[in-house]
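Input: a single structure, listed below in structure tokens.
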Amino acid sequence: MFQSVWRPHARSIPSTRHYIRPCVRHHVTPCVRHYIRPCVRDVPETSRRPSRSLVTSQKHVTLQRHVTSSRNAIKPSHLRCLQNQYPRHKSTVSEQYYGLIDKGLLQEDLKQLMLLEKLDKLQAQFDSYEPPVAKSFLSRLFSSAKDTDEGIRGLYVFGGVGCGKTMLMDMFYNNMDTHSKLRIHFHDFMLDVHERIHKFKSSLPPSHVKDRACYDPIPIVAREIASETILLCFDEFQVTDVADAMILKRLFETLFAEGTVMIATGNRPPDDLYKNGLQRTNFLPFIPLLKRHCEVLDMDSLVDYRLVNPKPLNLPGGAASFVRDDARVDELFHHLTGVEVSGAAPRTLRFLGRELRVGVSRDTVLVTSYRELCEQNHGSSDFRALAKTYSHVLIKDFPQLSVKYKTPLRRFIVMMDLFYDRAVKLVISCHVPISEIIDLSGAGEQAADDLRLLMDDLHLTEAEARAMNLFTGEDEVFSHKRAISRLYEMQCRDYWDLPHKPGKLDK
């Protein structure tokens with residue numbers, strides 16, 4: 001299989017895209033492409049990709065493949081922790097999936113097989129995909145309107161927690177040859193978008209300060225992102241912030257027009273995104289845009305594979321990182337760092353013109369308290385900075401959370417998502433078990449109290465206030481299952497074996 005390395009022309013092109021993609025047979029390109037043939041003999045025979053004719057003739061191979069009784073007897077194992085076992089050679093996602101079944105690491109799941117078929121089809125389409133922005137002038141001139149407007153449709157996969165949707169997306173992402181790809185938590189992506197918008201506005205010359213309203217930074221930021229990546233893979237596509245909701249349509253309208261392909265996983269169908277959110281009418285045009293450019297797949301499953309046969313974690317004084325007393329936290333801190341907590345020192349993190357100082361730390365191990373993390377005025381950028389800096393976070397005095405106090409609960413859920421995405425090892429000292437750490441009782445009473453306060457402050461009738469649907473607590477109830485499932489996974493040895501994913505604070 002050939003690979004073509006596309007290099008930009010000498011002149012500056014704002015939407016220039018750098019990427020590496022496989023070359024198709026009989027594909028004729030300008031002389032700016034340089035072909036590189038890999039050494040085939042270095043590739044194992046079992047790793048070589050089947051021909052396109054074979055893939056075409058076996059369109060439903062992922063759904064028809066027979067599994068022997070010995071495979072059916074294999075017990076499911078931890079899903080997320082298989083990421084570092086995915087092969088890097090060019091093969092279909094289905095081949096890798098069945099390879100993991102052969103090794104006894106997975107079992108067949110009908111919902112997963114449906115997604116596998118879509119991913120295999122996407123991978124085959126990428127072999128001959130040329131984004132519209134990368135096409136030459138002659139290609140655009142002689143292409144039909146349909147070819148110009150229609151690119152590859154991405155995927156929006158939604159379903160319950162622990163059903164394997166993120167695992168399969170990561171397998172697809174790791175299997176793509178292009179360097180122009182990005183796999184990121186959606187919340188993290190939107191933080192980066194807002195930072196780019198801020199930098200653009202700050203870069204405007206003083207003479208244009210009065211006219212800044214005339215400069216729309218969103219298409220410019222979108223083209224900048226599109227010039228860096230052709231494939232966007234989002235984990236946890238969830239819209240909760242009004243600032244994100246207001247710009248999504250314009251942002252993704254430009255991304256899709258530039259030929260960027262999106263694959264996203266989430267817990268809600270598209271029609272339920274940003275449900276009950278402020279100014280949702282301004283967000284609604286994004287939903288048909290998403291459906292037009294992404295195929296929607298329901299992958300809801302009754303099985304949470306994170307809870308199936310987890311491997312116990314052996315730590316000093318016990319087998320779990322969800323402990324019952326602060327003394328265990330001190331013991332684990334000494335085990336991880338070689339020093340006592342009293343010998344640790346506070347550290348100040350500086351990023352985006354801000355300073356963050358939480359708890360005490362030694363190297364990449366932080367020990368702090370729930371009050372410092374979730375009851376202070378910390379935002380998602382603060383938790384992202386912590387996730388980039390610390391590989392282990394130990395939290396003392398963790399109470400039972402309640403939907404009656406939504407703000408600290410939301411901070412905890414955001415923190416969990418960002419920590420999980422970077423494989424941060426979390427140790428919590430709490431007096432209740434994991435299954436009871438979020439108390440959902442009383443949600444209706446608190447919602448009624450908030451509704452009355454809203455009616456008094458804005459002078460609304462009860463019908464008008466209920467129509468706004470701001471205080472149902474539905475988002476917290478919906479997210480708590482994901483948080484509980486991930487907390488269980490964080491107690492497993494496989495999760496602790498995952499390498500931490502650090503990052504620079506200014507990016």
Side-chain angles (χ1 to χ4, degrees), residues 71-86 97 100-101 103-116 119 155-172 185-186 234-238 264-269 272 297-313 319-322 401 403 409 412-421 423-426 428 430 432-440 474-498:
R71 287 182 184 172
N72 290 330
I74 295 174
K75 295 182 179 180
S77 184
H78 203 278
L79 294 187
R80 173 179 163 86
C81 302
L82 300 175
Q83 292 179 14
N84 55 355
Q85 302 184 41
Y86 301 154
Y97 179 81
L100 293 173
I101 291 180
K103 295 177 182 179
L105 300 174
L106 288 179
Q107 70 174 10
E108 274 193 325
D109 183 284
L110 181 59
K111 296 287 187 178
Q112 294 176 8
L113 295 179
M114 294 171 60
L115 177 56
L116 281 172
L119 294 174
L155 278 174
Y156 179 87
V157 186
F158 70 95
V161 298
C163 63
K165 54 186 182 294
T166 300
M167 178 198 72
L168 296 179
M169 181 187 73
D170 288 345
M171 290 174 66
F172 171 83
H185 192 280
F186 182 72
F234 293 125
D235 186 27
E236 297 301 336
F237 196 102
Q238 183 180 16
T265 66
N267 297 120
R268 291 185 178 228
D272 288 345
L297 180 64
D298 183 357
M299 199 178 161
D300 200 9
S301 175
L302 299 177
V303 181
D304 184 351
Y305 286 101
R306 295 191 184 108
L307 308 181
V308 178
N309 296 335
K311 297 179 182 178
L313 174 65
S321 59
F322 198 85
L401 303 176
V403 292
L409 176 57
F412 171 71
I413 291 174
V414 170
M415 181 187 74
M416 279 286 301
D417 287 342
L418 295 175
F419 281 10
Y420 182 86
D421 195 54
V424 176
K425 315 312 181 283
L426 188 63
I428 292 178
C430 187
V432 296
I434 294 179
S435 59
E436 301 175 11
I437 194 172
I438 300 178
D439 181 17
L440 299 179
E474 184 178 348
D475 284 333
E476 289 74 19
V477 174
F478 195 86
S479 300
H480 101 282
K481 290 184 179 180
R482 182 177 74 249
I484 296 298
S485 176
R486 290 182 169 179
L487 274 175
Y488 274 114
E489 181 179 352
M490 287 180 173
Q491 318 307 306
C492 302
R493 188 180 68 196
D494 287 334
Y495 180 84
W496 278 62
D497 289 340
L498 291 173

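In what follows, residues are counted from 1 in the order of the sequence shown.
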Report summary line: When rounded to the nearest 0.5 Å, the distance separating OG1 of T265 from CZ of F234 is 10.5 Å
Query raised in the report: Would you say the side-chain atoms of E489 pair up with the backbone N or O of S485, donor to acceptor, closer than 3.5 Å?
Result: no
Requested in this report: Give the intermediate values and the outcome of side chain to side chain donor-acceptor pair (under 3.5 Å) for residues D304 and Y488.
Outcome: CA-CA 11 Å; D304 184 351; Y488 274 114; over 6 Å; no
Query raised in the report: Can you check whether H185's main-chain N or O pairs, donor with acceptor, with D235's side chain at less than 3.5 Å?
Result: no
Requested in this report: Locate the shortest heavy-atom distance separating A264 from F237; write the atom from each residue and the value.
Outcome: CB-CD1, 3.9 Å
**Report entry** Working for side-chain contact (heavy atoms from CB on, under 4.5 Å), residues L119 and M171
**Finding:** CA-CA 10 Å; L119 294 174; M171 290 174 66; over 6 Å; no
Query raised in the report: Any side-chain heavy atom of K165 within less than 4.5 Å of one from L297?
Result: no
Report task. Supply the atom-to-atom distance E108 CD to L110 CG, rounded to the nearest 0.5 angstrom. Result -> 9.0 Å
Query raised in the report: So, do R486 and D417 sit near enough that their side-chain heavy atoms are less than 4.5 Å apart?
Result: yes
Query raised in the report: What is the distance from atom CD1 of I413 to atom CZ of R482, rounded to the nearest 0.5 Å?
Result: 7.0 Å
**Report entry** Closest heavy-atom pair and its distance - Y97, Q112
**Finding:** OH-OE1, 2.8 Å
Query raised in the report: Going from CZ on F186 to CG on D421, what distance comes out if it is rounded to the nearest 0.5 angstrom?
Result: 13.0 Å
Query raised in the report: Any side-chain heavy atom of L115 sitting closer than 4.5 Å to one from L155?
Result: yes
Query raised in the report: Looking only at atom types and distance, does a side-chain atom of W496 sit under 3.5 Å from a main-chain N or O of Q491, one as donor and one as acceptor?
Result: no
**Report entry** F158 side, atom CZ; D272 side, atom CG - distance, nearest 0.5 Å
**Finding:** 8.5 Å
Query raised in the report: Taking all atoms of both residues into account, what is the closest heavy-atom pair of Y305 and D109, and its distance?
Result: OH-OD2, 2.7 Å
Report task. May I ask you to check if K425 and Y495 form a cation-pi contact, with NZ or CZ under 6.0 angstrom from the six-membered ring centre and within 45° of the axis? Result -> yes
Query raised in the report: In Å and rounded to the nearest 0.5 Å, what is the CE to CD1 distance from M416 to I428?
Result: 6.5 Å
Report summary line: Minimal heavy-atom distance between C163 and G160, with the atoms involved, is SG-O, 3.3 Å
Query raised in the report: Where the side chain of E236 meets the backbone of N267, is there a donor-acceptor pair that is under 3.5 Å apart?
Result: no
